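Step one of this worksheet: look at the structure below.
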Amino acid sequence: MIPVTSFAGKTVAVFGLGGSGLASCHALKAGGAEVIAADDNAENVAKAAQAGFITADLRNVSWASFAALVLAPGVPLTHPVPHWSVLKARESGCEVIGDIELFCRERRRHAPNAPFVAITGTNGKSTTTALIAHLTKFAGYDTQMGGNIGTAILSLEPPRMGRVHVIEMSSYQIDLTPSLDPSVGILLNVSEDHIDRHGTIAHYAAVKERLVAGVQAGGTAIVGVDDGFCRDIADRLDRAGKTVVRISVKNPLASGIHVEHGNIVRTAGGARSEIAKLGGIGSLRGLHNAQNAACAAAAALAMGISQDVLQNGLRSFPGLAHRMEQVGRRGHVLFVNDSKGTNADATAHALSSFADIFWIAGGKPKAGGITSLTGFFPRIRKAYLIGEAALEFSGTLGNEVAHEISQTLDVAVEHAARDAEASGLADAVVLLSPACASFDQYRNFEIRGTKFRELVQALPGVKPVV
């Protein structure tokens, strides 16, 4: 835990008592603050009370004594309308911040030069975060990974030299971190997302920009420049005097890092050097993972990690659970768990990574279905449709793709494994990438992915991927 000493002797309101909110309460109390905990959910309030915190309905208390409102990232700050607790805070002149802001203040107070890598982007941030954490561990750092990827930041160990914090940040978290100042900041990409919480894509992009714009003096801003928003952001950072490393997987760069024929290449001042090879690394298949790897490589180099360590670290990366996770092999058939592919855009990345696919798809459908995936249909040897979306997806596949309505995951795995093996294809892949939410049959995508892994590993003759 990271004790928050910056509010010692003061009273702080905490609204939103899920994982990060409760961690904030404990960290503030450990640092000497008095905490008033609140939530719209009575169960969460009861849990905070059981943990020994004062709880209150913040609508019925005086805000005059509050030094800050620490808001959970899931609570609306601006759109579609500010939450009532935010309005109360503004009326009283009380600052509204999040748990990562508390971390930033502690780092500045106690270890301002401790390495802090922050990662954001519309797509790929979890894989990039996990990959950077893997590389820094491989290089010998005491690595603390958290934020949006899972562990609340204040539940990690405190900042100090030799210890790196690798933190995934959503736009909601950035919005609540006004003094965000990583030593290495990464912006992977920007495309339309979370407009309900930001109003416009321009505002959403501006929030994302703050992560790299805030990089501390002497730090490095790493920006993927394969979309227009990020190209403009990189140019603005340049003009502001930041050290900017541009990343592309689509075009060679005169200065920066790009991916060319499966190699990560660095260019500067007319010089060109190959810094790592991606060929043969199953956990980093596909153009999207090439961008993740290039950004992670840029972060590693900015931290002084050698190219030999970088290459070996990339090769040993196991991948992120439920995201293009290789869960087994039987003969020539590879089984891949991409349960995190919960919409068509995410599934497109998986389908683009293989040529002979026995595709398991379906679940609770999302707007647009799989119509955007028609360009990948020639790669699909057969589809196995499950859950509520099965009939809709069957209609989209029509006569163009052989398919069956399997209904359940266990039937789909059994049939896909049988057909892939019988196909005789040299690189057959049984791919779970549902293009759907899990909520019709599973509580979340992790449970769905874990079930797939268990079903695959129970098949006769399946071996781990090495």
Side-chain angles (χ1 to χ4, degrees), residues 117 119 121 123-139 143 145 149 166 168 186 188-189 222 224 226 247-250 257-266 273-303 305-330 332-341 346-357 379 426-433 449 453 456 463-466:
V117 183
I119 302 100
N123 297 303
K125 52 187 178 290
S126 292
T127 297
T128 304
T129 301
L131 178 53
I132 292 170
H134 175 77
L135 293 173
T136 55
K137 282 180 188 173
F138 197 82
T143 300
M145 182 179 76
I149 199 169
V166 183
E168 177 187 332
I186 300 173
L188 291 156
N189 45 57
I222 298 166
D226 287 333
I247 307 290
S248 179
V249 293
K250 294 182 178 178
I257 291 176
H258 67 274
V259 177
E260 184 180 289
H261 307 303
N263 299 320
I264 301 177
V265 175
R266 178 167 53 186
S273 61
E274 182 184 292
I275 58 175
K277 295 179 182 294
L278 295 176
I281 304 176
S283 60
L284 294 173
R285 279 190 179 92
L287 202 61
H288 63 299
N289 274 325
Q291 184 189 48
N292 299 337
C295 287
L301 294 174
M303 295 177 66
I305 294 173
S306 72
Q307 287 183 213
D308 283 347
V309 171
L310 168 61
Q311 181 67 77
N312 290 328
L314 290 171
R315 290 205 179 284
S316 61
F317 178 55
L320 196 65
H322 314 300
R323 173 61 60 84
M324 294 289 282
E325 178 190 11
Q326 301 176 110
V327 296
R329 183 181 285 280
R330 184 166 72 178
H332 58 269
V333 180
L334 176 67
F335 295 85
V336 177
N337 169 23
D338 192 51
S339 181
K340 207 170 189 296
T347 292
H349 292 312
L351 293 176
S352 71
S353 301
F354 305 101
D356 295 306
I357 303 168
R379 297 169 178 259
D427 295 301
V429 175
V430 173
L431 171 68
L432 170 69
S433 190
R453 188 191 301 126
V456 167
K463 297 179 179 177
V465 177
V466 293

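Count residues from 1 along the sequence. Keep in mind that what you see is a predicted model, and the values were worked out from it rather than measured.
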Under the side chain to side chain donor-acceptor pair (under 3.5 Å) test, which residues partner [X], sequence neighbours left out?
X: Ser339; value: Arg448
X: Ser316; value: His134
X: Thr129; value: none

Indicate the atoms forming the closest heavy-atom contact of [X] with [Y], along with that distance.
X: Ile264; Y: Ala297; value: CD1-CB, 4.1 Å
X: Leu310; Y: Ala300; value: CD1-CB, 4.2 Å
X: Leu314; Y: Leu135; value: N-CD2, 3.6 Å
X: Ala350; Y: Leu431; value: CB-CD2, 4.0 Å
X: Ile247; Y: Ala294; value: CG2-CB, 3.6 Å
X: Ala346; Y: Gly341; value: CB-CA, 3.8 Å

Nearest 0.5 angstrom please: [X] [atom1] to [Y] [atom2], how far?
X: Leu301; Y: Ile257; atom1: CG; atom2: CD1; result: 5.5 Å
X: Leu131; Y: Asn289; atom1: CG; atom2: CG; result: 8.5 Å
X: Ile305; Y: Thr136; atom1: CD1; atom2: OG1; result: 6.0 Å
X: Ile119; Y: Thr127; atom1: CD1; atom2: OG1; result: 11.5 Å
X: Leu320; Y: Lys340; atom1: CG; atom2: NZ; result: 7.0 Å
X: Ser126; Y: Ile149; atom1: OG; atom2: CD1; result: 4.5 Å

Might you confirm whether atom CG of Asn263 has over 12 heavy atoms from other residues, nucleotides or ligands at distances under 6.0 Å? yes
Please list, chain by chain and in numerical order, all residues satisfying salt bridge (charged side-chain N to carboxylate O under 4.0 Å, His left out) with [X], sequence neighbours excluded.
X: Lys277; answer: Glu274
X: Asp356; answer: Arg381
X: Arg453; answer: Glu325
X: Arg266; answer: none

For [X], all residues meeting side-chain contact (heavy atoms from CB on, under 4.5 Å), sequence neighbours excluded:
X: Ala299; result: Ile132, Val184, Ile186, Ile222
X: Ser353; result: Arg285, His288, Met324
X: Ser283; result: Ile281, Phe317
X: Arg329; result: Leu334, Val465

Between Lys137 (side chain) and Ala133 (backbone), is there a donor-acceptor pair under 3.5 Å? no
Go through the steps for Gln291 and Asp226 under the test side chain to side chain donor-acceptor pair (under 3.5 Å), then give the verdict. CA-CA 10 Å; Gln291 184 189 48; Asp226 287 333; 4.6 Å; no
Does the side chain to side chain contact (heavy atoms under 4.5 Å, CB included) test come out yes or no for Leu188 and Asn292, once each step is laid out? CA-CA 8 Å; Leu188 291 156; Asn292 299 337; 4.1 Å; yes
List for me each residue that meets ring pair (Phe, Tyr, Trp, His ring centres under 6.0 Å) alongside Phe138, sequence neighbours excluded, and say none if there are none.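 Per chain and number, Phe138 pairs via ring pair (Phe, Tyr, Trp, His ring centres under 6.0 Å) with no residue.
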Show your working on side chain to side chain contact (heavy atoms under 4.5 Å, CB included) between Val430 and Val333 and close with a plain yes or no. CA-CA 7 Å; Val430 173; Val333 180; 3.9 Å; yes
Could you go through the side chain to side chain contact (heavy atoms under 4.5 Å, CB included) check for Leu432 and Val327 one step at a time? CA-CA 11 Å; Leu432 170 69; Val327 296; over 6 Å; no
